[in-house]
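Below: the structure, in structure tokens.
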Amino acid sequence: MAKNKAKSGQSLIKRFVGNKNTVTILGFAACVLTLIIGYNIRVKDAISPTSLPVARDTIPTRTFITDDMVGKINIASTYVNEASNVIKNYNDVVGMYVSYKTTIPKGSLFYKDQLIEASEMPDAAFANIEDGQTIYSLAVDKESTFANSIRAGDYIDIVMSARDYNNNNLVIYGTLIKSIRVLAVKDSRGNNIVKNTLAYGEPAELLFAVDDEMFDLLTETEWVKGEIKLSPVIFNKNYTAAAGETEVASEYLQQFIRDQVRDFS
């Protein structure tokens, strides 16, 4: 009797499973269930909040970012995943500088192109000027900088050309100061030139640091009568790597400048 019932139950199951309509219904139900589960997972991931660093107040350009300037905000994961430029890690913000090209508004997220390292600041080199040195600005143009090819970090020599009106208008030419490290190249508006393109302006001045005696010597060339011209000369990487101390290269040229100053005074 029990065996007959068991056989009867198995037979019903076989007929139920073997029915095409039943299989279709079960398959459809499985697909719907899979879609529902997958959709719920995707929605949950999309709306699941991610904590991101945010500016507590407006942070001006060139500002060093400290802990008290940075808060946190929860943002939907979908936005975070799609915004590849947004900074997600709090530690990647604190200790950085706001780029000299932008200001970060209050409540704004932080983006990679807004922040730079201290060494990337245009005038970062000025912070390490030694005692007894002074920044000198040498007037230049596109031609004298070899088609705008001189950049911060390059080593140059300063050559001088002049006419000696006290010696039959003799033309004088030679290296006045050698091995000078350029700190910045700026255009006529004071903007740093960092790329060799017209979009970043044409060079108007080279900035470098020299000791007080050399600074006075360079300044005196601006005061003397006649025409004294100073021009930079750039060298290759081998010269840069082997560059020695900055020093006056010609006692003759130095004395000539000093004599002209005395004559003028």
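These numbers come from the heavy atoms of this one structure, side chains and all, not from hydrogens, waters or symmetry mates. For the single chain, residues carry numbers from 1 onward in sequence order.
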Leu138 and Pro232, any side-chain heavy atoms less than 4.5 Å apart:
yes

Within this structure, what is the CE-CD1 distance for the pair Met160 and Ile172, rounded to the nearest 0.5 Å?
6.0 Å

Is it the case that over 12 heavy atoms from other parts of the model lie below 6.0 angstrom from the CD atom of Glu213?
no

Give the minimum heavy-atom separation between Gln133 and Ala209, together with the two atoms involved.
OE1-CB, 3.7 Å

Please list all pairs passing the ring pair (Phe, Tyr, Trp, His ring centres under 6.0 Å) test where one or both residues lie in residues 167-187, with sequence neighbours left out.
none

Consider only side-chain heavy atoms of I, L, V, M, F, W and Y, link residues closer than 4.5 Å, and tell whether Met96 and Leu109 are in one cluster.
no

Indicate the atoms forming the closest heavy-atom contact of Val54 with Gly107, along with that distance.
CG2-O, 3.1 Å

Pick from Val185, Ile180, Leu183, Ile158: which one makes a side-chain contact (heavy atoms from CB on, under 4.5 Å) with Leu206?
Val185

Within a reach of under 6.0 Å around CG of Asn168, are more than 12 heavy atoms found that belong to other residues, nucleotides or ligands?
no

Give the cluster check for Tyr252 versus Leu218: same hydrophobic cluster or not, with ILVMFWY residues linked at side-chain heavy-atom distances below 4.5 Å.
yes

Test item: side-chain donor near acceptor, Asp212 and Thr134, under 3.5 Å:
yes

Taking ring-ring contact (aromatic ring centres under 6.0 Å, His included) as the test, write out the residues that go with Phe146, two or more places apart.
none

Same cluster for Phe110 and Ile116 if Ile/Leu/Val/Met/Phe/Trp/Tyr side chains link at under 4.5 Å?
no

Under the side-chain hydrogen bond (donor to acceptor under 3.5 Å, both in side chains) rule, what do Gln114 and Ser99 come out as? Steps first, then yes or no, please.
CA-CA 5 Å; Gln114 293 178 322; Ser99 171; over 6 Å; no

Supply the atom-to-atom distance Glu245 CD to Ser179 OG, rounded to the nearest 0.5 angstrom.
8.5 Å

Between atom CG of Asp164 and atom CD of Gln260, what is the distance when rounded to the nearest 0.5 Å?
6.0 Å

Atom pair CG (Leu176) and CG (Leu230), whose distance is rounded to the nearest 0.5 Å
6.5 Å

Decide whether Val94 and Leu52 are clustered together by the hydrophobic rule: side chain heavy atoms of Ile, Leu, Val, Met, Phe, Trp, Tyr closer than 4.5 Å, transitively.
no

Between Lys72 and Tyr90, which heavy-atom pair has the shortest distance, and what is it?
CE-CD1, 4.2 Å

Is a side-chain donor or acceptor of Asp154 paired with a backbone partner of Arg151 at a separation under 3.5 angstrom?
yes

Spell out, as yes or no, whether a donor-acceptor pair under 3.5 Å connects the side chain of Asp57 to the backbone of Lys106.
no

Value for CD1 (Ile156) from CD1 (Ile150), rounded to nearest 0.5 Å, stands at 5.5 Å

Which word best sums up how the rings of Phe215 and Tyr136 line up, parallel for under 30°, tilted for 30 to 60°, or perpendicular for over 60°?
perpendicular

Same hydrophobic cluster for Tyr111 and Val70, using side-chain heavy-atom links shorter than 4.5 Å among ILVMFWY?
no

Do Asn148 and Thr145 pass the side-chain hydrogen bond (donor to acceptor under 3.5 Å, both in side chains) test, and can you show the C-alpha distance, the side-chain angles, and the key distance before you say yes or no?
CA-CA 5 Å; Asn148 196 10; Thr145 55; 4.8 Å; no

Distance (rounded to the nearest 0.5 Å) between Ser161 OG and Lys229 NZ
6.0 Å

Looking at Ala249 and Thr175, what are the two nearest heavy atoms and their distance?
CB-O, 3.4 Å

Where do Tyr97 and Arg62 come nearest, in terms of heavy atoms and distance?
CD2-O, 3.5 Å

Lys112 and Val86 have their tightest heavy-atom pair at CE-O, 4.3 Å

